[in-house]
Amino acid sequence: MDSTLGDLANSSACNAPLAIGNSDPARLLAQLRTMLLIRRAEEVIGEGVAARQVICPAHLGIGQEAIAVAVSEHLRGSDRVFGGHRSHAHYLALGGDLYPLLAEVLGKEAGCSRGMGGSMHLYAADKGLLGTVPIVAGTVPLAVGAALAAKKDGRGDVAVAYFGDGASEEGVIHESLNLAAVWKLPILFVCENNLFSSHLHISLRQPTDRIARFADGHRIPAVTLDGNDVVAVSRAAEDMIAGARGGAGPGFLEAVTYRWRGHVGHREDEDVGVDRGADLHLWKARDPVRRLADALIAGKMLSSDAYSALQADVDAEVMEAWRRARAAPYPPESHLLDRVYAEAGR
Ligand SMILES: Cc1ncc(C[n+]2csc(CCOP(=O)(O)OP(=O)(O)O)c2C)c(N)n1
Ligand SMILES: [Mg+2]
């Protein structure tokens, strides 16, 4: 394959502590905490899969936390965000509550989709998350529609469509990009390019690896960057979201990253027919969480003790929510057809 991503896709590159420059320390610490929260929540969900407490398919995005955190800090509750099958981070980064997420993954009535959706159907409308759906690329045209509605509402709200490199192989993505460009809609397309669609590396699926070339074709301004650098992603997202709010039309942000676990489930080696072991080992040195923590510690904005205390605090928060969610009741069988048929009327 002709790689245009270069070092961005190179597992041995881009592994130094982040260049945090004169970023606001309070913002960096908030980013670190949210990334730690997402990571710990997904680790615990993974443990639940291993213990067969979680029986819905769970797609973990461990290693990809920086992207959602960086994008979400520029969003507000009236924005309209859509995700896919790997969206725990999208939900939590927007400020979605932990307990209804974990309850949903466990199929409990207190879940954000009342226990009927599982890990792939998340919802936090008050935070702007209007839905995550596992039909690959399925929510991208919905986000375009939401962007059209936002434009008509005229209050400066934007839509965000999260999708993967694999989703770019669905025709509807191209229709969505075209319409958003022609109608100058306020939408940010966020492609989390983790180089894999299920077990297939991008070199087996596309003639080159830079997904933003599709945005170029539709004359949508695009940025391709290191998705494991929360500072860089935040800066790019801030510009594009501000532009969209101000009427500049759509933007396309391609964040190159890597998932640490298999396509679905808790194991690292679950991708059929591929051994990603050597590369995964190197990508772990590109850990978005550690690179930020190292930079904060080197810049004396965080002590090692304070970092340990932060990790312990996040762990306690996740374990308490997990304990409550495990103890919570399942929906009664009589609710099975609720909200399936409009005429059910309950
Ligand atoms: C329309 C459709 N085709 C196929 C699938 C099966 N499927 C689920 S996830 C996935 C891979 C998607 O890859 P990508 O978009 O890169 O997201 P990632 O899993 O890497 O986050 C596939 C093929 C599906 N859910 N929907
Ligand atoms: Mg992918």
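In this text the structure is predicted, and so the values were computed from the model without any measurement. Indexing begins at 1, ligand by ligand and atom by atom, following the structure's order. Below, each value reflects all heavy atoms present in this structure, side chains not excepted, and no hydrogens, waters or symmetry copies.
Open room surrounds OH on Tyr123; 12 or fewer heavy atoms of other groups in view lie less than 6.0 Å from it.
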Are any protein N/O atoms closer than 3.5 Å to the N/O atoms of ligand 1? If there are, list each pair with names and the distance to one decimal place.
from	atom 1	to	atom 2	distance (Å)
ligand 1	13 (O)	Ser197	OG	3.4
ligand 1	15 (O)	Gly166	N	3.3
ligand 1	15 (O)	Ala167	N	2.9
ligand 1	16 (O)	Asp165	N	3.3
ligand 1	16 (O)	Asp165	OD1	2.9
ligand 1	16 (O)	Gly166	N	2.7
ligand 1	16 (O)	Phe196	O	3.1
ligand 1	19 (O)	His85	NE2	2.8
ligand 1	19 (O)	Arg86	NH2	2.8
ligand 1	20 (O)	Asn194	OD1	3.0
ligand 1	20 (O)	Asn194	ND2	2.8
ligand 1	20 (O)	Phe196	O	3.0
ligand 1	21 (O)	Arg86	NE	2.8
ligand 1	25 (N)	Pro134	O	2.9
ligand 1	26 (N)	Val136	N	3.1

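Of the charged side-chain nitrogens involved, at least one lies within less than 4.0 Å of a carboxylate oxygen, so that Lys284 and Glu268 count as a salt-bridged pair. Under the 4.0 Å criterion applied to side-chain N and carboxylate O atoms, Asp165 and Arg205 are assigned as salt-bridge partners.
Here the angle centred on the Mg ion (ligand 2), running from OD1 of Asn194 over to OD1 of Asp165, is 90°, rounded to 10°.
Glu192 lies apart from the Mg ion (ligand 2) in this respect, since none of its N, O or S atoms is found at a distance under 2.8 Å. Taking backbone and side-chain atoms together, Asn193 has no N/O/S atom less than 2.8 Å away from the Mg ion (ligand 2). Put simply, Phe196 gets within reach of the Mg ion (ligand 2), with an N, O or S atom under 2.8 Å from it.
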**OP:** Please step through side-chain hydrogen bond (donor to acceptor under 3.5 Å, both in side chains) for the pair Thr34 and Glu73, ending with a clear verdict.
**Re:** CA-CA 10 Å; Thr34 310; Glu73 65 185 9; over 6 Å; no

Original post:
Can you check side-chain hydrogen bond (donor to acceptor under 3.5 Å, both in side chains) on Thr257 and Asn194, steps first, answer last?
Top reply: CA-CA 5 Å; Thr257 187; Asn194 61 12; over 6 Å; no

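Between Tyr258 and Trp283, the two ring planes are parallel [angle under 30°; tilted spans 30° to 60°]. Taking the six-membered ring where tryptophan is involved, the planes of Phe252 and Phe163 are perpendicular, since the angle between them exceeds 60° and thus also 30°.
A side-chain donor-acceptor contact under 3.5 Å links His74 and Ser234.
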